[in-house]
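Heads up, the thing below is written out as C-alpha cells.
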Amino acid sequence: MGRPRAYDERVASVLLEAAERIVEAEGLDALSVRRVANEIAVTTRAVYSLFGSKDGLVVALGARAFDLLRAAIDALPTTSDPAGDLVEAGVRVFRRFALDHPALLRIGVLHTGMSPELARQFRGAADHALDGLRGRIVRLADHGELGPRGVDDATCAFHALCEGLAALELRSALSQGKAEWIWRDALSALVAGWRAA
C-alpha cells in the first residue's frame, strides 16, 4: 500500500491562487517555491510535492488559465441565436477572464516571460479550452453563418480578436467606460462579416 498523499487538490488550488497573486503583483520573475509556500504558511515540501518545481508551478498556472476559460464557456447558456451566443462567449467569458485574471492571461495565453518549452507543457489544456470555443463556432457553421471559411479559421480569427481586445483593455487603451461596448461591437462585426460573405 502506497503512502497517502499529504497534500490534496484543495492545497494545490490555494497554492496556485497564491502564485497568481504574486505574479499579478510583481511579475513572473518574483515567483518562487519559497514565496508561494510562505504566502499560505506551508513548507516548500507542499509545493514540491504538488508541482515539482517553479517551472511546474508556471505550467500549472498556464493550465489553470485554460481550465477556467473552458469551465466558463461550458457554463454559458446557449440560445436559439448562435451568433449572439458566440459574441457573449467573447464578452462574458474571455473579457471577464482577462479582467479577473490578468496574470493568467499573460502566462497562459500570451506566454509572457516564459520559454516555449514551458508553454508546450500546458498545450493540452489550451486545446481543450479551444474546443469549447470551437463548439460555439460549429453552431454557426451548422446554421450556414460562416460563409466559405472553415471552423478552424473562424476559431483562430475570433480568438485573435479577443486576445487583441484583452491586451488593449489591460493597457487601458480602450475608451474609458466604452470597453464592453467596443468588445461587443468588434465581435458582432466579425460575426456579421462571416454571415455576409
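The closest side-chain heavy-atom distance from R120 to P116 is below 4.5 Å. Proximity of L86 to I137: side-chain heavy atoms (C-beta onward) are separated by under 4.5 Å at one or more points. Residues F51 and L16 are in side-chain contact: their nearest non-hydrogen atoms beyond the backbone lie under 4.5 Å apart. Side-chain atoms of V42 and L15, non-hydrogen and from C-beta on, do get closer than 4.5 Å to each other. Annotation: side chain of W183 is not in contact with side chain of V87 (no heavy-atom distance under 4.5 Å). The closest side-chain heavy-atom distance from V47 to R34 is not below 4.5 Å. At least one side-chain heavy atom of W194 sits under 4.5 Å from a side-chain heavy atom of F158. Residues E163 and L110 have side chains in contact (heavy-atom distance under 4.5 Å, counting atoms from C-beta outward).
Between atom CG of residue L69 and atom CZ of residue R96 there is a gap of 13.0 Å, rounded to the nearest 0.5 Å. Taking OG from S115 and CD from Q121, the interatomic distance works out to 7.5 Å, rounded to the nearest 0.5 Å. Separation of atoms CD1 (I182) and CG (L165) is listed at 8.5 Å; rounding is to 0.5 Å. Atoms CG and CG, from L57 and L118 in turn, are 11.0 Å apart once rounded to the nearest 0.5 Å. The line from CD1 of I107 to CD of E20 is 8.0 Å long, rounded to the nearest 0.5 Å. With values rounded to the nearest 0.5 angstrom, R35 atom CZ is found 10.5 Å from K54 atom NZ.
Contact detail for P102 and D100: the closest heavy-atom pair is CD-C, 3.4 Å. A125 and D67 get closest at one heavy-atom pair: CB-OD1, 4.1 Å. Between L187 and C162, the closest heavy-atom pair is CD2-SG, 4.0 Å. Closest approach of V191 to A83, counting heavy atoms only: CG1-CB, 3.6 Å. Summarising the geometry of V151 relative to A141, their closest heavy-atom pair is CG2-CB, 4.0 Å, with the distance given to 0.1 Å. Here the closest non-hydrogen pair linking A65 and L104 is CB-O, 3.6 Å.
In this structure, R134 pairs ionically with D131, as a charged nitrogen and a carboxylate oxygen lie closer than 4.0 Å. Salt-bridge formation is not detected for the pair R21/E24: no Lys NZ or Arg NE/NH1/NH2 atom is positioned less than 4.0 Å from an Asp or Glu carboxylate oxygen.
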| V109/F66 under side chain to side chain contact (heavy atoms under 4.5 Å, CB included): CA gap, chis, key distance, verdict | CA-CA 8 Å; V109 178; F66 292 109; 4.1 Å; yes

| task | Determine, step by step, whether L28 and L31 satisfy the side chain to side chain contact (heavy atoms under 4.5 Å, CB included) criterion, reporting the C-alpha distance in whole Å, the side-chain angles of both residues, the deciding distance to 0.1 Å, and the verdict. | result | CA-CA 5 Å; L28 197 54; L31 186 67; 4.1 Å; yes

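Among residues two or more places apart in sequence or in another chain, the side chain to side chain contact (heavy atoms under 4.5 Å, CB included) test is passed with A179 by R95, E169, L174. For R123, the side chain to side chain donor-acceptor pair (under 3.5 Å) partners two or more places apart in sequence, or in a different chain, are D127. Partners of E88 by salt bridge (charged side-chain N to carboxylate O under 4.0 Å, His left out), not counting sequence neighbours, listed by chain and number: R92, R184.
Taking the six-membered ring for Trp and the full ring otherwise, the centers of F122 and H111 sit less than 6.0 Å from each other.
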